[in-house]
Each structure stands twice: as structure tokens, then as C-alpha cells.
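A short write-up of the structure that comes next.
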Amino acid sequence: MALHIHNSYSRKKEIFESITPGHVGMYVCGPTVSGESHLGHARPYVSFDIVYRYLTYKKYKVRYVRNITDAGHFEEEGREAEDKVSKKAQLEKLEPMEMVQKYTNLFHWAMKQFNCIEPSIEPTATGHIVEQIGMIEDIIEKGFAYEVNGSVYFDVKKYAANYDYGKLSGRVIEELLDSSNRENLTRDLEGQQEKKDAADFALWKAAPAEHIMRWKSPWGEGFPGWHIECSAMATKYLGPQFDIHGGGMDLLFPHHESEIAQSTICNHTAPVKYWMHNNMITINGRKMGKSYNNVIKLTELFSGNHPLLSQPFHPMTIRFFILQSHYRSTLDFSNEALMSSEKAFKRLWEAFEVLKKLSFEKNETATDSELDTKINTWLNEFEEFMDDDFGTPRVIANMFEIAPVINSLKDGLIPATAIKSETLELMKNKFADFLENIFGLKNMDESNNELLSPVMQLLLDIRKEAKSKKDFATSDKIRNQLIEMGIVIKDDKDGNTSWGVA
RNA sequence: GGUCCUUUGGCCGAGUGGCUUAGGCAAAGCUCUGCAAAAGCUUCCACAGCGGUUCGAAUCCGCUAGGGACCUCCA
């Protein structure tokens, strides 16, 4: 089965065929670094990390571009028409670039915690003012934008007369153009008057005097409009047409719709072959976002320092939590759900560790051919499920089918001869490929360091001796005290004892 | 108000026109164990309501009810 991707543009699953054989160009809308990332931000970056990793697994050479929006998104229709970044900077008494750097660093740190692979190129909006201005000039020249009082607007009505504006987001153009249909626009919005039509959007905004971030342009000092950076940078690094553009569903309109319009005018072609949108993370059924005041920041999640959290959560728990649902479904967050994921992930990972150590003599025929066949089916479905629009939850379900088999093989509850050696090898390969390489998961327990291991071994030896003398007071003391320190020891069936962090 | 989406067992979450017992967590029982923990086995068989299409629907269609997203910065 070939890879199928749900294309938001057609609202259907389509067979994935890259524009250039063997290569994939992928652009994902990155963070606005005017504040700390929260749980909601984790979803797209983990989801598209999986896409990136899976495409790589499928032998594609992927150029993965993810921008940093450090010029801020401008509230072009906002009450005070001010730059989010500059406003907060004043509150915090920081240089705008200092603050932007701070949150960029924090974002990178969080991505590393999540074990997300760095994008191939991570362009910044401030670093591409020239390209953005160039693109705007081009659009004006082609007659699809106009200047008013130092600002430049895209002429949506003219565009819509020639192209399919609104298709991606399912908008009806007449409705957008007829402002009386939109209650929100009955408010008195600044800057609205200078537009030819309410549906027009800004390509360039003249900067008010108090605006800190500003650049010279053919239209005076100002700053780039809301959508142009992605069009400019995607075009620069991926060309006029590229394979995948990703982002959150909330960006469908107007952001991505506008991107299509801008790029189409400049490049005479629709920019993106496959649009992918991840769904939102909700909390008590409501989207997590600043406007709802229900944000849990990543630092709070990792530290457990939040009223809704009973404990800290490891980044891998969160990653696993995200993978347990499909990227196009809403995912409802709760402390309980995360605790459940933590436990599940631990169990799965331990089974994986056990699997890596299993080694049996060569066995050409399975005495339990039914089991052997089942395992092979489960394993082969890994790729089949991923090919079906990245069905990570189903892959995980299959892994949990196999986990008891692994543990039983280790404990001898299932004899080694039950399955073929090659089946065991396939298990090892598939688990390593999918858990580590594609899902990007890794061990939560990093305490297995060189200093601690021999010390633990010593303790376990002493305990073993005590047990053999039926000195349970000593053996229990060791076990209980270790538990207090957060280390759990487990007596295995083969007489050995393993340990790990609780 | 407009457009679109969604509604699955105690909780989280896949899934599809006719055996998937999806899976996880929680709970209960059992096995193992000096006792634990871990592990294994077993139990818990849901698909908002009402109609319709069909030989057959949780899965398709319609209506009703609830929830949500977007229309404004938003992952």
C-alpha cells in the first residue's frame, strides 16, 4: 500500500506522490515567539515530526522548513492596531529582539525535550523582510494589491473573480465580500475604512509612531502583513510548488487561504500539493488558547506546577499521549489522561527493552504457527496503518497486542520455539523502527548512568544474599528504602532482579 | 447569524456496511511470589435519540438534542 495523506484542500485521502521523485518539500507554520509555548503547540510539531520521520523512513529526502515568526503577527483589524510583540516588550521592559530570542530559545529547548528533529531550514520573518517586500511589489505590479496611506492590501475581490478563493477553508466568497453578513465587522475597526473591501487583507502595514519594529519599504516605514512571510519563505526555500504544507486547523482561514492567494499571483501556480492540518488539543472540551484562558505551558507540564496537574509529566509521556490519538481528531486533555498515557508508555517501553535482549537459538519452524502468523500480521500492519494517513494510534494498539507475547517469551510462558527466529528478528526491527525512529520515542529513565549501575548491582547482590538466608528484614529494608528514593526493583521469574525509576 | 466538524463502554481513545472481544487506563478475580512490585491469564462486549435505505448499520441518508472549530491574534 502506498502512502495516503488526507488533503485538506480536497477533503479526501489522496495517494502521496511527490512532485520531484525521491524528494519532498514540506513547510510547517512555526511558532510566534512572543510568548511561551503551551501544550497546544506541542501537537503540530510532534505530528509533523512524525510526518517528517515517516517520509524519511520511506526513503524520501525531505527538506523540512519551519519558520519562526519573530516579527509578530499584527492585529491589522485590532482595536489599537498594534504589534503583539512590541506591546509585550514594553510591558517586560525588554528589547523586542531580546524577548523574541528568549522565547525562540525556550521553544528550541522544548522541541529538544520532545525529541523533535530540527527542521532543515528554520527561517525567521525578520530575516526575510527583503523577500517579503519583493513579493508585495510583484503582487502590486500584477494588479492584485493596492497601496493606501503607506499600507498595502491584497485585492480579494479581484482575485476571487479569477481564482477559487475560499476553497481550502470552505468559505463562500460572496459572504466574505458582503460585510453586512459578518456581525464582527459591524464593530468599528480601525484600518477597515482604507480597504476597498472588508475581505481584503494586509500585505504591508504602515507603522504608527510608537511601533518599535519597523522597516523601510517603498511605501514608507512599516512592517509586513500577517500572511506574507510564509509565502515568501516557502517560495524561497521550496520553490513555487512544493509537496506538503502543514499547520493547525485554526490557520486554515484566513492564514492559509491568503497564502494560496499571494503565492498563486506571484508564481502563477497554486503553491501546495497536499495541505495537512492537525486538530486542536482541548481542555474540558474547549480549545486550549490564550483567549480561553485555559493554557498549560510546557514548562508547567514538565514541572507539574499547575493547578490542573497532580504531578510533573515527562515530555515522552506527552509525546506518547499525542500519538495515541489521530492527528486530525481533537484530543481532550486531562491530568487523568496523561497519567494513563504515562503508565501505558512505561509498560510498552519496558516490553521493548525486554525484546531487545531476547535471544534464542535458530528456529526455522514455529510450533505455534497461529501465533507466529498473528505476530507477523500485527507487525506488517505497522506500515499499513501509517500509510493510511499516519494512523499512529492503531500502530500503538498493535504494539500492545505484541507486548504480552514479548513478556511471555521472556518468562518462558511461551516457549522460544513457538515462533520462528525470523519473526523475532522482525519484531526487533519493527519495534526499533517505529518506536524509536518513526515515533521518536525514547527512554524516560535516564538514570541508568555508569556511576549508579554498579552501586545498584551491589545493593541487589546484598539483597539477594539476605533473601537466600531468609533475612527478609534486610531485603525488605533495601527494597522499601529504594522505593522512597524513587527506585523500584522487580524480581523477575528467572531469579534476576531489575530496577528502574518509578 | 454563516460555514464546517463531532457525539463510541467508568475515563481516554481507534475503527469500519455483515467476527475488531481495536488498544490503553481504571476496576474485579486468578496465577506467580517469603511478602510486594512487575508480568501473565480472565472478566467488564459500547457506539447520543428517533426515523429511513439495506438481506444486514455503531458504520450510509434525514430529523432532533448536546458539544466543538472557524468567520478576529491563535497550533
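Sequence lines set the chain letters: A, B, ... in the order given, protein chains first and strands last, and positions in each chain run from 1.
In this structure, CG of A/L251 is placed 13 Å from C1' of B/A69, rounded to the nearest angstrom. Counting to the nearest Å, the C1' atom of B/G68 and the CG atom of A/D250 are 13 Å from each other.
Of the charged side-chain nitrogens involved, none lies within less than 4.0 Å of a carboxylate oxygen, so that A/R347 and A/E350 do not count as a salt-bridged pair.
Judged by distance alone, the side chain of A/D70 and the main-chain N or O of A/V100 form no donor-acceptor pair under 3.5 Å. Using modelled atom types, one side-chain atom of A/N480 and one backbone atom of A/D476 make a donor-acceptor pair closer than 3.5 Å.
Using P as the reference atom, B/U6 and B/C61 are 10 Å apart when rounded to the nearest Å. Rounded to whole Å, the C1' atom of B/C32 lies 48 Å from the corresponding atom of B/G68. Comparing the same atom, P, in B/C60 and in B/C5 gives a spacing of 12 Å after rounding to whole Å.
For A/R66, no side-chain nitrogen or oxygen approaches OP1 or OP2 of B/A75 to under 4.0 Å. Put simply, A/K343 has a side-chain N or O that comes within less than 4.0 Å of OP1 or OP2 on B/A26.
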Quiz: residues 404-415 of chain A side-chain donor-acceptor pairs under 3.5 angstrom, not counting sequence neighbours:
{"from": "A/N407", "atom 1": "ND2", "to": "A/A403", "atom 2": "O", "distance (Å)": "3.4"}
{"from": "A/S408", "atom 1": "OG", "to": "A/P404", "atom 2": "O", "distance (Å)": "2.8"}

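Judged by distance alone with a 3.5 Å cut-off, no donor-acceptor contact links the side chain of A/R479 to the base of B/A37. Judged by distance alone with a 3.5 Å cut-off, a donor-acceptor contact links the side chain of A/D491 to the base of B/A36. Evaluation of atom-type donor-acceptor distances gives a pair under 3.5 Å for the side chain of A/D476 against the base of B/G34.
Across all strands shown, B/G52 is found opposite B/C60 as a Watson-Crick or G-U wobble partner, with both distances under 3.5 Å.
With sequence neighbours excluded, no residue forms a side-chain hydrogen bond (donor to acceptor under 3.5 Å, both in side chains) with A/E484.
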Base contacts versus sugar-phosphate-only contacts with protein, heavy atoms under 4.0 Å: please encode nucleotides 7-21 of chain B as B, S and - from 5' to 3'.
----SSSSS------
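When distances are taken from the side chain of A/M280 to each of B/G40, B/G34, B/A75, the shortest belongs to B/A75.
A/N67 and A/E122 share no side-chain donor-acceptor pair at under 3.5 Å.
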